[in-house]
Every structure is written in structure tokens, then in C-alpha cells.
Amino acid sequence: MPLHQLGDKPLTFPSPNSAMENGLDHTPPSRRASPGTPLSPGSLRSAAHSPLDTSKQPLCQLWAEKSGARGTHEVRYVSAGQSVACGWWAFTPPCLQVLNTPKGILFFLCAAAFLQGMTVNGFINTVITSLERRYDLHSYQSGLIASSYDIAACLCLTFVSYFGGSGHKPRWLGWGVLLMGMGSLVFALPHFTAGRYEVELDAGVRTCPANPSAACADSTSGLSRYQLVFMLGQFLHGVGATPLYTLGVTYLDENVKSSCSPVYIAIFYTAAILGPAAGYLIGGALLNIYTEMGRRTELTTESPLWVGAWWVGFLGSGAAAIFTAVPILGYPRQLPGSQRYAVMRAAEMHQLKDSSRGEASNPDFGKTIRDLPLSIWLLLKNPTFILLCLAGATEATLITGMSTFSPKFLESQFSLSASEAATLFGYLVVPAGGGGTFLGGFFVNKLRLRGSAVIKFCLFCTVVSLLGILVFSLHCPSVPMAGVTASYGGSLLPEGHLNLTAPCNAACSCQPEHYSPVCGSDGLMYFSLCHAGCPAATETNVDGQKVYRDCSCVPQNLSSGFGHATAGKCTSTCQRKPLLLVFIFVVIFFTFLSSIPALTATLRCVRDPQRSFALGIQWIVVRILGGIPGPIAFGWVIDKACLLWQDQCGQQGSCLVYQNSAMSRYILIMGLLYKVLGVLFFAIACFLYKPLSESSDGLETCLPSQSSAPDSATDSQLQSSV
């Protein structure tokens, strides 16, 4: 991002004593003050000091105050002698200053957002099934783990956004990223403290006849208590990431030209969206590695007892986040040259709205706790801001809920393994989520959307994604399972009539503790070899799969006597898979296409000093109404679609078999409910939006400002606008 400079000297606002310093006087002749005469409020000049010379060059803040008595504007310049050098305390080597630019901080913030998205929205969603299987969790418990991130963010957002907004933003950001890295390490801790994951594949338990005494011999109990450790890790993730999407966004917006701000923010959020995509792909690949690395096992990735190396990704992302925090901590409170952009934003505020009257126009407003009630009141009086918050909450409910359980949906619908489902969902998120986020910011900047046009754009995207949600009225038929969805003869069973025992396996004494499905030659899936009536004799076919012959429950074939069964689930023959994937792509794309326009609208809805706090309040509303209940609600309804629960020696474990039609129906209902609410909120916001000519006090004036003035605006034009 090029800075507007005179040579290598950033634009500053000198005191009267420095008016003629170094012989530079950029004041027009008609407005020059004689020596000893105070400068007029509107004069702007360029200093010849180095941007790193903090003893001579103050950072200045500009604001306008309307005089109640005279009704005129007055521009003040206040010195704030902070260093603009990049470094840590007194260590500010010249080689680091090449990174002391908007592009430099954008790179490190993108890295932090990428790691946050990869960990919280990628790895965690990918390993949900593995955690449920390894630590005996229900879907609503795993949903609570996912929601712990948003719970932590809600508790910290007010404090961080209010005090961090007027504080040293890079330090808040750096310590937050460091804390986020510690959360990843805590999340991986149960792998090292819960003992080894050992599954006994006793042929006497699995085949017919079974050995009942071996079924619960090595049963492990109490693993569900590690839910609290996972919640602690997620809590640290939430606390650490809180500054990233509030202070990080405003820090970028403050240090670049406001017409380019949507592009910078779009790049930042695109990195945040590509993070989950990478998390799904990397996490899916790691799930193909056995969790006890270095130990051999007879399990295969298709086995429902398989647990992949879910913990490796958290160790890597935790270490990377700690290293990323170090350079962020070295950035100054303001980047060199950012004073010009502060002046431009102040000029825009005068052009757009007359809101400089009162306490909120004071540059010290928002730095003490006594200003908090007034700050909240000003936001509550802005109906467009409130409606954008509610619309964001509805979108967040679907994003968090569906991103958490979409791999499980794909796994059930298409009869995939956990790693295959996670990888497939990653392939959808990469182009849909990342492309939609970037193009949203690109369209706002390229099409120069202003005023209600931005809200209309968000409304259009929400309507299209609402239509895409209707695809969940379709579903893939569940693979028939003997004793669960179909009788042992192949006929359908009424819903809720489970009976795994049949005359063909009654003498086998099969136990329900060891779920190891096999696919019969008749197309039915069986709970285990024992339930299929298969003896221990095996042979291996050309594909490397184990084939069990002479299974008494598999209908016999005229040429080979009893039927045979193959280890693993039956493959799905769903013909609707391409259609489902295409429309899921459409829903993801248009959902994320409206994210940057909605964020840009929020940034332009409020006064300059309130933007960090406004984003904090918005994130609180989004998380309380959307992020927190989303995974819990989706987990609850998905549990309702469960047909067969794991039996762990009398205790209920995780769900083994879902009813595909019920799962699709519940997701359709949830999607329609929240998408319709989103359409209503955006439509009402568009209706209530008032242009400047119709706004009474300027509080409702909102959305992208007229900051898209040509880049070649001269200093004299800037002076006249101020």
C-alpha cells in the first residue's frame, strides 16, 4: 500500500514554532502567518524530519469540534510523542523498518488469522468425530467444546475492544496470538495424559461364536472428563483471538487509505477463511495416520474404531502462533505516514455527517470506564448497526453449526471415512469460502457501492444462499443395516424397532460393545462379523480387504452356499451426490460473499473513535446469539437423527448410525429458519437506512464513506475539505 509522502518524509502537522523549519513552508501565500502569529486551524504543512526521529516528529491526531455558540468548525492538533519505529523496546534495528508498512503488518495479521482459522474452524471441526470416538463424547458435548471459543470471546470482547481500541493495538494483538498458541498446546494435552489408545481385536469377540467374557475386559471409563480440558483449550483460543477481529481490523483501517480499506480487510478475512480450508485438508490427511504414532495396529482407516493423529495439527499450529506473535509485538502504535489517513477520515466525517458535537467528538473519549455507558448508548441509537449485528448473528449460527458438523453430514450421507469427509469438505471451503470472502471486498471497492447499495448487496447474497439451502430437502438413502434399518431378510424395519439378534445369529452370543461393521454380499451392512454369523476363517481378496465366508445371516448364493461379508461399511451408491455438493458450494460461497460488505457497513456506521468498540459489541451479539448456540443446537438436532448408539458395557457412548433423511430434514429446518431471519434483518436495515439529506442527527448515516476519492487528491483539496 503506497504511502502519500514527500520523498521519504511522511505528512505531519508541525507546531507554530516549526512552521519555517528547514526552510519548508507549504502554506499557501494567502494563508501564511507572520512569525510569532499562531497558525490558523486549517493550515497543513509537511515536516522534513525522518519518520523514525521521534524526538522531533510528533504523531498528531486531528478532530473537529463544532462550537455550540458560533456553529463553526475548529481543527486542533495534539502531539503524541510515540515512536513509529518497528522493534521491541529499545531494539529497533534499521533492517526491521522495511516491514514497518501496512503490507508488513497485513502479512503477519493474515498469518495469525490463517492459524486461528486453521485451528479453531479447521482442525477442531475435522477431529470432532475422532474426539467423540476416542473420549466417549456425544455430539452435544462436542458442540459445547466448539462453543467454548465463543463463550470466551463474549466474556473478553467488551474489555478488549473498549480499552484496546484506545491502547497499543499491536501489543494487544501480539499477546492475544501468543495466548492462542498456548490454547492449541493445551488442546493437544489429553493425548499425552489419557494413556494409549488400544483396541483389542479379539477374534473370539468379533466372530461367531463370540466369547462374552472378553467383551468388557478392557473397557476404559471416565474419558469423557477430558471434555473440560478441550473446553479450556478452546477458551484460551477464544481469549487470544478476541483482539484479532476487532483491533486487527481497525488497526488496518486506521493505517491505510479508507478507499483501499475494504481490499486490505478482504485479504485479511480471506486468509482467515483459507485457514479452515487448510485445516480440513491437513487435518484430514493426519487422520489417516494412527493416533499412536510408531505403533502398529490391525485397524484400517475405514474401521469405525480407527482414531487418527488428531493432536499433531494442534502442536504445529500452537508453535507457529507463538512465533507469529513475536513480530506483531514489535509494531508501533501507528505506522509511519498514517497521520494523513486520519486527516482524510476526519474530512470524510465532515462531508458525510455532522456528528462532531458533544462528548463523543473528544479524542480522549473512550479511554476511561466512565465513557462506557455513553458509548453503548450511541450504538444502541443506531438502528442500522443493531440490524447488522442481528443479521450477522443469524449467519454465524449457520456458519459455526454447519462447519462443525458438515464433515459428519458428508460422512453419513456418502458413507465416507472421517478423513475422506474432512478432505472433501476442505475442497469445498477453499474456493467457496476463500473466493467469496475476497470477492466480497473486491466488489465493494470495484463497484464503488455506497449507502444502501451495500445492504442490498448483502440482501441479494442472503436470498441466493436461502434458495441454495433448499437442497437439503434431498438426501442420500441410508445404507441398509440389518437389525437397524432393515430386517435380516432385507425388508425395511419401522423406525425405532431395533433388533440386532435374529435366529441366524442367536446361538452366537453376540455382544453390542464391539461395533465393527461388515458389508454382506447381499448389500446389507451388519453390526459385526458375529451379527452376520461369520466364522473366523478368512481370506484376502485382490484389493487387500478381508473377506469372511460362510456367514449364516447373509443369504446364501446358489453357487457358493452361505454368503460372504467384507470388512468395512458398504459403499454408497447415491446418485444425488454431485447435486448436493454443488448446492453446498453455492450456499458457502454466497454466505461468505456478504461478509466483507457487511463488515464494511459496520465500520462506516459509527464514529472513528468507536469503531473498535462497535466491532467488539457486534462480535458479542454475533457470538451470544449465533456462535455459541449454533454448534450446540446443530449437535442436538443431529443427535436426534441417531438410530444406533454405542453401548459401552451398559453406558451410552457416541452415535454409530444416523438416519440420513432425518439429518437432512433437521438441517433444512435450521437453515431455512436462520436464513429467513437474515433476509428480514437486511431488508429492514435497507428500509431504515437514511441518506445524509434525510438524517436528522447523523447517527443513522452509515455504510462505506465517500472515501473513494481519487488517490491523487492534493493537499490543498484536503485542506479545503477540513
Side-chain angles (χ1 to χ4, degrees), residues 111-137 141-153 175-199 220 222-241 244 275-295 297 301 306-325 403-404 407 418-419 422-423 426 631 654:
F114 180 86
L115 291 172
Q116 181 273 337
M118 182 174 65
T119 303
V120 176
N121 300 319
F123 287 153
I124 289 178
N125 297 340
T126 301
V127 304
I128 282 294
T129 302
S130 298
L131 294 182
E132 291 177 359
R133 188 175 299 157
R134 175 68 175 90
Y135 298 99
D136 304 334
L137 302 176
Q141 290 176 306
S142 56
L144 185 59
I145 292 173
S147 296
S148 298
Y149 171 85
D150 295 294
I151 294 174
W175 287 112
V177 175
L178 186 65
L179 194 61
M180 188 172 64
M182 297 299 297
S184 295
L185 300 182
V186 170
F187 200 93
L189 189 62
H191 171 75
F192 303 97
T193 60
R196 294 187 182 276
Y197 179 63
E198 297 180 354
V199 180
T220 302
L223 289 177
S224 59
R225 68 180 184 272
Y226 282 102
Q227 173 193 355
L228 300 178
V229 180
F230 294 131
M231 291 177 65
L232 174 61
Q234 275 286 73
F235 194 89
L236 294 176
H237 284 151
V239 174
L244 198 57
Y280 283 112
L281 298 178
I282 298 174
L286 291 174
L287 290 182
N288 288 319
I289 304 173
Y290 189 54
T291 183
E292 300 295 340
M293 300 179 67
R295 293 175 63 91
T297 178
T301 55
W306 173 271
V307 174
W310 61 269
W311 50 276
V312 176
F314 294 97
L315 292 182
S317 63
I322 293 174
F323 282 113
T324 304
S403 63
T404 302
S419 60
T423 303
S654 58

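Index from 1, following the sequence. All of these numbers come straight from a predicted model, not from anything done at the bench.
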Looking only at heavy atoms, what is the nearest atom pair of Gln234 and Ile145, with distance?
CG-O, 3.2 Å
Using 0.5 Å steps for rounding, measure from the CE atom of Met118 to the CG atom of Leu115.
5.0 Å
Can you tell me how far the CZ atom of Arg133 sits from the CH2 atom of Trp306, to the nearest 0.5 Å?
11.0 Å
By side chain to side chain contact (heavy atoms under 4.5 Å, CB included), which residues pair with Ala188, not counting sequence neighbours?
Trp311, Phe314, Leu315
Gap separating the CG atom of Leu236 from the OG atom of Ser148, nearest 0.5 angstrom
10.5 Å
Work out which heavy atom in Thr126 is nearest to a heavy atom in Ala422; give both atom names and the distance.
CG2-CB, 3.3 Å
Pair Tyr226, Leu131 - check side chain to side chain contact (heavy atoms under 4.5 Å, CB included), show working.
CA-CA 10 Å; Tyr226 282 102; Leu131 294 182; over 6 Å; no
Below 4.5 Å, heavy atoms only, C-beta onward: do Thr193 and Val229 meet side chain to side chain?
no
With sequence neighbours left out, the residues meeting ring pair (Phe, Tyr, Trp, His ring centres under 6.0 Å) with Phe230 are Tyr135, Phe187, Trp310
Positive for side-chain contact (heavy atoms from CB on, under 4.5 Å) with Tyr280, one of Thr423, Asn125, Asn121
Asn125
Nearest heavy-atom neighbours spanning Ala321 and Gly181:
CB-CA, 3.7 Å
Which atom pair, heavy atoms only, marks the closest approach of Ser130 to Leu287?
OG-CD2, 3.5 Å
Looking at every non-hydrogen atom in both residues, tell me the closest pair between Glu132 and Ser142 and how far apart they are.
OE2-OG, 2.8 Å
Rounded to the nearest 0.5 angstrom, the CG-CG distance for Leu189 and Leu232 is 9.5 Å
Which atom of Gln116 lies closest to which atom of Ala241, heavy atoms considered
CG-CB, 3.8 Å
If you measure from CD on Gln227 to CG on Leu137, what distance do you get to the nearest 0.5 Å?
6.0 Å
What's the spacing between His237 NE2 and Met231 CE if we round to 0.5 Å?
14.0 Å
